[in-house]
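Throughout, a chain's letter reflects where its sequence line sits, starting with A, and its residues are numbered from 1.
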Amino acid sequence: MLSPRQGLLRPVGCGVEELRRRRREREAALRRARREQQLVSKRLLRDDTPEEAEGGSVASILGEAEIQQFLWLAQRGTEEKEREGALVSLRRGLQHPETQQTFIRLEGSMRTLVGLLTSNHALLQLEAARCLHELSHSEQSEVAEACLPATSYLLTYLAGHSSDLIELCLYTLGNLIVESEAGRRQLLPQGIVPALASCIQSPHLPVLEALGYALSQLLQAKEAPKKIIPSVSACSSVLASSIPQHMLRLLQPGPKLNPGVAVEFAWCLHYIICSQVNNALLITHGAVSTLGLLLLYLAGSVQSPEDAGLELLVCPVLRCLSNLLTEEAVEAEGGQVQLRDERVVVSVFILLQFLLQKHPSLLPEGLWLLNNLTANSPSICTSLLSLDLIKPLLQLLPVSNVVSVLVLTVLCNVAEKGPAYCWHLWPGPLLSSLLDTLALSDTDVVGQSLELLQLLFLYRPEAAQAFLQQSGLQALKRHEEEAQLQDRVLALQQTALHR
Amino acid sequence: MQLPPAVHARLAAGPGAAEPLPVERDPAAGAAPFRFAARLVRFPREHEFFEEGDVQRHLYLQDVLTGVAGVPERPRVPEFTCQMAGCCQVFDTLEDYEHHYHTLHRNVCSFCKRAFPSGHLLDIHILEWHDSLFQVLSERQDMYQCLVEGCTEKFKTSKDRKDHLVRHHLYPGDFRFDKPKKAKGPASPVAAMQVPTEAVGDDGDTMEVCSDHMTPPPEPVGEKRTSRHRIPSTICFGQGASRGFKSTKNKNKHQ
């Protein structure tokens, strides 16, 4: 999964620069897609055995006659190896968009494929499923949608026992789910949610990972908050099923935690939580407890290089916890008490350090959690001070404006609790950091700095003195003309001068 | 970002919360023109705050090429035969055998030897085809249960059930695992092949159904035989413990 079993699909003769350029292009495309709320990504399951790879290097495009011949052979061939071979050739041909188009336009082709899928010949069945999977992965909607007649069978096989087939069916379903609302409008009444709910009890890790993927696609759908997550009808509600409890079980930290599986379900949980449908229910199932323990576990593991697989869990876990903290139900279930544990805030800082090194663009997510932890908790604010975490926090200020605003907000959370807290904020590095931020031009950053200064001057008057001595007034003067800042600048100037 | 060394030790140590310092707020704090108030922040699904993380998630989905069933290469084993009575399928990987077993031998009706994709469908089949009490009860109450897991509807006849499957669950009208029970008796094998789905009534023959939908290729096929001649074509094609009747049909077909 994370060390992809087959490695990245690397076009022959591609230098590192070329790969980077392509990745940047893909990133840009994804960003555009997200802004238009059209984020669609599919997963491809491909297993080219060594023989296939050696035998015929690149699969060629198949024409209509060839496709017909392969299908006919698969159905009517006399030797099983011949029949399987025909389907394998078809499947390899279907890796090409042109072959896919030819296939779906050929009359009766999908019907034959579905017939092979439901036949009593096990290996033909599997190959037919692989053909369908290739089609489901297509970027061309008409190709993927041509697979829709097969969905009732894909769902039926989820209740079977062949983990190979189930895994394939799940990835195919996941691709079809994300493809179009038409697909989902068919799959929901066909009972995809109960099918997933029974499948989630499988002990097979590849099946679970595939299921997590399919479920994450379902939950990411635009209509999910209204039609898929809540208890609209017994057949199509995720929250009413046993899925949430199983998801949390699969997220329990410990030696049994499988990174590939956990990542998928962590994203599933995020989509459910941020849809704000019924988070109280998740909390009663122990979501805060599980996520809290998982956070500690992740902090412990990101420091060791062997556990690289768990990195991808950081983002969804941070999001889930941050959003859950805003729920009133957290207090009722003792979540607040658990999250006051100093190891939680320590974990957040370890993860912030990790994010700074590996994924600085995700720092805001960690700081968001820190804000929600500190906003209403004197205990956690005290931990920040007693564990000497203010200085590392200040080291994040130069990263970006967004990060600066969040860091300053967290510091305000601490400072607003009164003199006992501000007593620990000065003397210290805070004041000079604030003088640095005042030299910036971003109004949000400066505005938040002014808020913090007000609190500091109010609860620690000596800091105002030091501020003056360090040319604070000049720093303030820069912003006297700025409409959004003027009033606060003036107020601070007066406070500083009259203390 | 330098973390104090005590931090890592703290993580390893036991749980414990800090005794909070006393909170003492002054009403002037955050008073106009200032506006700060500590508050919990919540982001909904589509918020742009999530853009970065979402993009990274999708890059991962696009990048990952997963191998089937978790092993990079299936270990080959010396060939072995399926041990089920009447089945002569040969395998050289355990995974292929496992799939074969689960598909053809796992959910097999002990009365009529038909194989089903799941225990659920097998149970329904046994009830509806082989349970005489079912027949009696179904005259008085709705006994035909919906095939979709999670749906608790029951119907008077299998036709009513099919209508429900099509209308309510958007199932195909010719769903292959919902064959109505046919009276037993020798059906002509040749005739059965030309007739569409419903008349065949046997899950094992679902493949033959498509024969009238695919036109054979212009040239005769079969010039090149790459097969092993280990399994004579007259004996089963991995259809499991098949009935003698079916083997005859296959022999005729492959003249």
Side-chain angles (χ1 to χ4, degrees), chain A residues 4-6 9 30 34 41 43 45 47 68-69 72 78-79 81-82 108 111-112 115 118-122 152 156-157 159-162 164 186 189-191 194 206 235 274 315 326 340-341 343 346 353 356 361 372 375 378-379 382-383 388 392 395 412-413 416-418 420 451 454 487-488, chain B residues 1 3-4 7 10-11 15-18 20-26 29 33-34 36 38 40 42 45 51-55 58 61-62 64-70 72 99-100 102-103 106 117-118 120 148-150 169-171 176 204 206-207 210 213-214 216-217 227 233 237-239 254:
Chain A
R5 289 176 278 229
Q6 299 283 29
L9 228 196
L30 283 170
R34 198 203 181 274
S41 288
R43 244 176 112 156
L45 201 70
D47 177 39
Q68 276 187 312
Q69 180 174 10
W72 196 85
T78 46
E79 296 279 346
K81 285 298 173 197
E82 189 180 45
R111 197 169 165 71
T112 306
T118 55
S119 72
N120 260 357
H121 187 118
S152 57
T156 303
Y157 288 129
H161 300 278
S162 163
D164 279 358
Q186 178 174 301
Q190 283 181 347
C235 251
C274 67
C315 175
T326 65
R340 262 181 245 152
D341 181 341
R343 295 177 302 169
V346 156
Q353 185 187 49
L356 180 64
S361 55
N372 284 5
S379 173
T382 306
S383 299
D388 211 11
Q395 288 169 2
C412 285
N413 286 348
E416 69 89 28
K417 305 224 168 4
E451 298 287 338
Q454 193 238 359
D487 297 339
R488 291 179 282 177
Chain B
M1 187 191 189
L3 293 176
V7 147
R10 184 64 196 85
L11 184 64
L21 292 165
V23 176
E24 208 188 307
R25 294 186 177 94
D26 187 314
F34 296 93
F36 178 77
L40 296 171
R42 167 189 281 200
R45 282 168 73 94
E51 180 180 304
E52 205 46 59
D54 284 355
V55 165
H58 280 257
L61 286 179
Q62 292 176 0
V64 173
L65 257 197
T66 328
V68 173
H99 173 64
H100 162 90
H102 287 309
T103 305
R106 177 82 183 249
S118 67
H120 177 67
V148 174
E149 273 199 62
H169 292 297
L170 306 186
Y171 264 48
R176 291 155 207 261
T206 50
M207 242 191 339
C210 292
H213 295 274
M214 269 315 296
S227 51
S233 51
F237 288 101
Q239 290 201 12
H254 296 292

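Residue contact with chain A, scored on non-hydrogen atoms closer than 4.5 Å, involves the backbone and the side chain of B/His99 alike. Contact annotation for B/Thr103: only side-chain heavy atoms (C-beta onward) come within less than 4.5 Å of a heavy atom of chain A.
The minimum heavy-atom distance between B/Leu40 and A/Asn372, with the atom names listed, is CD2-O, 3.4 Å. Closest approach of A/Val346 to B/Leu11, counting heavy atoms only: CG1-CB, 4.0 Å. Contact record, A/Gln186 with B/Leu170: CA-CD1, 3.9 Å, taken as the closest heavy-atom pair. Nearest approach of B/Val148 to A/Gly191, heavy atoms of both residues: CG1-CA, 3.9 Å. Listed here is the closest heavy atom pair of B/Arg25 and A/Glu416: NE-OE1, 2.7 Å. Residues A/Thr382 and B/Leu21 share a closest heavy-atom pair of OG1-N, 3.0 Å.
Most heavy-atom pairs under 4.5 Å with chain B, from the set A/Cys315, A/Cys412, A/Gly160: that is A/Cys412. With chain A as the partner, the residue from B/Pro22, B/Gly16, B/Pro4 showing the most heavy-atom pairs under 4.5 Å is B/Gly16. Between chain B and the residues A/Ala420, A/Gly418, A/Cys274, the largest count of heavy-atom pairs under 4.5 Å involves A/Cys274. Ranked by heavy-atom pairs shorter than 4.5 Å toward chain A, the options B/Ala38, B/Ala17, B/Ala18 are led by B/Ala18.
Here NE2 of B/His58 is found 7.5 Å from CG of A/Leu30. Values are rounded to the nearest 0.5 Å. Interatomic distance, NE2 of B/His169 versus OG of A/Ser152, reported as 12.0 Å (0.5 Å rounding).
Although no hydrogens or angles enter the test, the distance criterion places no donor-acceptor pair under 3.5 Å between the side chain of A/Ser379 and the main chain of B/Pro20. Put simply, the side chain of A/Glu451 gets close to the backbone of B/Phe36: a donor and an acceptor are under 3.5 Å apart.
For B/Arg10, the salt bridge (Lys or Arg N to Asp or Glu O under 4.0 Å) criterion is met by A/Glu342, not counting sequence neighbours. Under the ring-ring contact (aromatic ring centres under 6.0 Å, His included) criterion, A/Tyr157 pairs with no residue at all, not counting sequence neighbours.
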